[in-house]
There are 2 protein chains.
Amino acid sequence: MDKIRSGAWPPGMRLAPQRQLCRQLGVNRSTVVTALGELSAMGLIEGRRGGGTRVADLRAAAAGGTVSYRDGTAASDSRAASYGDETATSGGRAGSYGDRVDTSGNGAGMDILPVQPAGSWNSYVEEGVHYPNLPTVQDINRLEYEQGLIRLGTGEPSPGLLPGEAMTRVLAELSRQTLPPLSYEEPLGSPGLRRAVSSELAKNGVQADPDSILITSGALQGLQLIAVGLLPRGSTILLEKPSYLYSIHAFQSAGVKFSGLPMDEHGLLTDRLAREARRTKAAMLYSIPSFHNPTGILMDAQRRQKLMDVTGELGLPILEDGAYQELWLDTPPPLPLKALDREGRVLHLGTLSKSASPGLRIGWIVGPEPVVRRLADIKMQTDYGASSLSQLAAARWLEGGYHEEHLQRLRARLRQRRDAALALLQRHFAGLAAWNVPAGGFYIWLALDKPVPLRTLFRAAHKAGLLLNTGDLYDRGDSRHLRLSYVYASPAELETGLPILAGLIRKLQRPGS
Amino acid sequence: MDKIRSGAWPPGMRLAPQRQLCRQLGVNRSTVVTALGELSAMGLIEGRRGGGTRVADLRAAAAGGTVSYRDGTAASDSRAASYGDETATSGGRAGSYGDRVDTSGNGAGMDILPVQPAGSWNSYVEEGVHYPNLPTVQDINRLEYEQGLIRLGTGEPSPGLLPGEAMTRVLAELSRQTLPPLSYEEPLGSPGLRRAVSSELAKNGVQADPDSILITSGALQGLQLIAVGLLPRGSTILLEKPSYLYSIHAFQSAGVKFSGLPMDEHGLLTDRLAREARRTKAAMLYSIPSFHNPTGILMDAQRRQKLMDVTGELGLPILEDGAYQELWLDTPPPLPLKALDREGRVLHLGTLSKSASPGLRIGWIVGPEPVVRRLADIKMQTDYGASSLSQLAAARWLEGGYHEEHLQRLRARLRQRRDAALALLQRHFAGLAAWNVPAGGFYIWLALDKPVPLRTLFRAAHKAGLLLNTGDLYDRGDSRHLRLSYVYASPAELETGLPILAGLIRKLQRPGS
């Protein structure tokens with residue numbers, strides 16, 4: 001009742017089903033039933049056509065006003081559109097292949113319907129400029145905090161792989177002298193951290209002085225800044241297909257269109273590139289050359305040079321996502337595209353999230369000074385810069401040699417995990433799917449021999465205790481792939497989860513299922 | 001030369017004047033002259049019509065291509081538009097009352113002109129969706145890192161007022177046990193910090209359970225999320241005029257229009273509100289009821305209730321910016337609007353930036369659960385959440401009682417600083433301007449008796465060693481106000497700076513100047 005009185009549950013909000021309320025409030029079913037009965041008797045909630053129980057609008061009732069309901073289906077229809085390459089994103093809102101877009105962030109039926117034209121938030125949550133996450137992504141974001149699920153595709157190292165102890169030593173080191181006051185940092189980020197990143201980049205053949213480096217709150221924010229800072233609405237970017245970029249909305253929300261290019265085992269196919277760039281008047285190419293997300297593909301040195309040549313002739317800028325570059329397992333990858341760049345044509349993204357600590361939220365963009373200054377200006381308008389405390393800790397982490405030491409240990413552990421995962425796949429997926437042997441990064445791209453309805457598989461897997469990253473997150477039209485990760489689920493969890501997954505896939509592929 | 005070879009200075013970038021290069025590179029004038037001569041002899045730079053020296057486009061020259069320059073003036077004209085209330089922001093780009101928009105983030109003549117249609121970044125930095133900061137704001141952001149300037153208007157506590165030592169104790173406390181691994185936090189933010197914020201809010205009469213609280217990377221990010229998450233392009237928000245919101249571009253970049261309302265010494269005038277809300281079909285009211293930025297005005301309890309009543313009748317949602325609420329100096333302010341809200345109609349913003357540490361980048365939004373969930377979903381898409389390390393430190397800071405202790409000390413010191421500033425104003429500005437006596441917050445709103453050209457005053461002040469926040473930042477049409485702050489410049493600096501400022505104003509107000 002407090003939630004209703006304080007407005008946390010506003011008028012018109014549909015309550016979750018009773019079972020879910022029990023879970024949310026941590027009480028048993030009969031308590032919920034009693035409470036709902038009381039609230040209903042007090043007129044605070046009411047049953048409504050279309051089903052479900054909603055918070056009553058006392059004010060409207062008191063004023064004798066007519067409460068007009070819009071139909072929930074119609075409201076969501078106006079947002080549904082088909083995804084795909086070169087979707088015109090400036091017009092309608094895009095949902096995902098006909099699934100309802102659930103703006104409540106809660107896939108389990110807690111749905112918001114408009115109650116009255118003003119004074120209610122219900123229309124507001126549907127009307128902002130920014131797209132909601134894909135339903136599957138919203139589900140994943142929420143379910144990641146559900147206990148006991150085996151997360152087969154999660155793209156972050158499990159807590160056990162993160163350097164809790166070494167990071168504690170960094171903090172202890174910092175607290176040994178009095179901290180500098182945690183003021184705002186310069187627009188480009190703390191000079192100390194930029195110097196440390198500059199040295200780090202030099203190890204990978206990238207010459208970038210601190211004035212060419214912008215510190216961001218993770219690489220994702222870098223993408224966001226580039227999307228709103230450098231590209232006009234309606235421009236097109238080329239990218240590998242599938243790609244991580246399809247799973248987020250940074251570019252689509254800025255009105256940018258995608259045109260996907262095929263890959264082979266050596267990376268992006270460059271022959272289609274020139275034609276597509278001209279046809280779409282592409283503004284930029286986005287690529288993950290090292291340990292591609294989601295396929296794990298490593299672009300070889302020859303392909304990298306070819307890519308630089310072809311895009312050089314076109315004068316096409318490149319956005320190189322180097323998030324996984326340090327995470328090689330067998331041998332270091334070829335030089336980043338940025339190291340081959342003599343014209344300032346490549347923007348390079350890096351991050352500490354995939355190796356050291358996602359929670360530090362520290363990434364960087366390397367590029368020509370006028371470009372990083374423009375992005376820094378937007379960053380100042382967005383959040384006044386990344387956490388100074390994180391920047392202090394990250395600089396110490398890099399300079400103190402903690403990072404290099406951690407990487408070496410992490411590589412050894414990831415190698416073991418990868419090999420264990422591959423052995424399990426051999427045992428359970430032979431004859432059912434094919435897969436790559438990743439030379440680094442986090443992912444195995446599982447290619448099923450026959451298609452399955454992926455959203456159905458996602459739901460069935462959730463019921464069976466598995467959380468999946470299905471291929472359609474990375475290529476809307478896909479119905480044959482799963483992104484598997486060996487960095488979150490432990491080898492023991494994979495040993496439990498993979499045979500269950502194989503069983504579910506077999507069942508869904510059976511004719512007539 | 002390294003900067004050119006690596007592309008940090010891309011083709012077509014205009015070099016800064018020699019004097020500025022000396023400063024930037026930390027070398028003397030003759031070294032710069034010699035170096036430029038050598039670069040020119042090597043063909044790496046070239047003089048160009050329109051003046052200035054630019055990085056040569058070697059590739060175009062090698063290919064025998066024609067290098068076509070767009071005219072710099074024309075390029076900037078396409079971005080110039082007049083500001084003001086209800087500017088149609090969806091069309092052209094907005095500059096500031098005819099001043100050139102300098103996208104290089106450098107007001108001193110380092111300018112970027114397009115060289116070739118593709119393959120150069122020059123057009124890109126002008127074409128993103130997001131507006132650049134106002135020229136004066138860009139200047140301020142940059143000049144704040146220039147040594148020796150007296151910052152008369154800066155809206156953050158000076159390093160000496162920040163709790164460096166207490167924050168060091170927090171870190172030491174955290175490092176005494178092994179840190180939890182710094183993974184990503186839940187979409188709403190760390191549960192521990194949300195519980196701590198919830199208790200903090202309760203002290204101010206706001207009942208908000210942790211599920212109604214979203215942790216943001218500072219309050220500015222909260223505004224950004226609301227701008228893109230809740231408001232369709234073309235909607236209008238009402239706000240006090242002048243307002244902090246005019247100085248940032250969060251809402252304008254999302255295509256939201258402003259309609260400013262007048263204030264008196266008790267706050268926003270509510271009589272005009274209803275008419276304006278109906279006329280503009282306003283989507284929201286933004287207000288800073290406690291120690292308003294930039295005027296320092298405290299809305300009294302009666303006006304708050306009136307505001308809630310009027311907006312309640314309209315069903316108009318309110319965005320309450322509570323950034324300065326804790327920073328009362330004489331007596332605590334009346335209850336926040338959120339505490340008077342029974343319908344979930346108020347979103348409330350809070351932050352640790354104004355009191356504890358801007359560099360933590362920790363703020364929060366309190367509102368109905370469906371609204372904060374929608375905003376959390378966008379935050380996940382923007383930067384995957386605020387720094388976990390900052391969240392850990394902030395939770396410890398609040399729970400450990402450090403915050404309350406710091407606030408008490410801070411209030412005493414700000415009281416002294418305010419009184420010293422008021423005494424100086426009495427001495428140097430009597431007969432030249434009027435001002436308020438702030439009961440809290442950071443600001444004195446100096447109302448000049450006669451108008452002055454504020455951009456000219458800004459430049460003259462900079463030459464005289466002063467950094468100003470002129471009134472036009474907070475109300476585009478203003479030419480009579482300055483925002484003074486007693487929290488950054490020390491009393492000694494104010495004693496030096498204020499008489500200089502008074503002299504400059506007198507000079508500019510002299511007829512024929």
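Numbers restart at 1 for each chain; the letters A, B, ... are given by sequence-line order, proteins then strands. These numbers were taken from a predicted model, which means no experiment stands behind them.
Residue contact with chain B, scored on non-hydrogen atoms closer than 4.5 Å, involves the backbone of A:E185 exclusively. A:Q224 touches chain B through its side chain: at least one heavy atom from C-beta onward sits under 4.5 Å away, while N, CA, C and O do not. Neither the backbone nor the side chain of A:Q391 comes within contact range of chain B; no heavy atom of the residue lies under 4.5 Å from a heavy atom of that chain. Residue A:A393 touches chain B through its side chain alone, counting heavy-atom pairs closer than 4.5 Å.
Considering only heavy atoms from C-beta on, B:L347 stays 4.5 Å or farther from B:I318 through its side chain.
Counting all heavy atoms, side chain and backbone alike, A:S247 lies closest to A:V137 at O-CG2, 3.9 Å. The shortest non-hydrogen separation linking A:Q381 to B:L220 is O-CD2, 3.3 Å. The two residues A:L188 and A:P210 come nearest to each other via the heavy atoms CD1-O, 4.4 Å.
Per-residue counts of heavy-atom pairs under 4.5 Å with chain A were compared for B:S388, B:G222, B:S175, B:P358; the largest is that of B:P358. Most heavy-atom pairs under 4.5 Å with chain B: of the set A:P180, A:S217, A:A283, this distinction falls to A:A283. Across B:S183, B:A172, B:A250, B:P159, the residue that shares the most heavy-atom pairs under 4.5 angstrom with chain A is B:S183. The greatest number of non-hydrogen atom pairs below 4.5 Å with chain B, out of A:D377, A:L162, A:L161, A:L171, is found for A:D377.
The existence of a salt bridge linking A:K379 and A:D383 is confirmed by a sub-4.0 Å separation between a basic side-chain nitrogen and an acidic carboxylate oxygen.
No side-chain N or O of A:R361 forms a donor-acceptor pair with one of A:S387 less than 3.5 Å apart.
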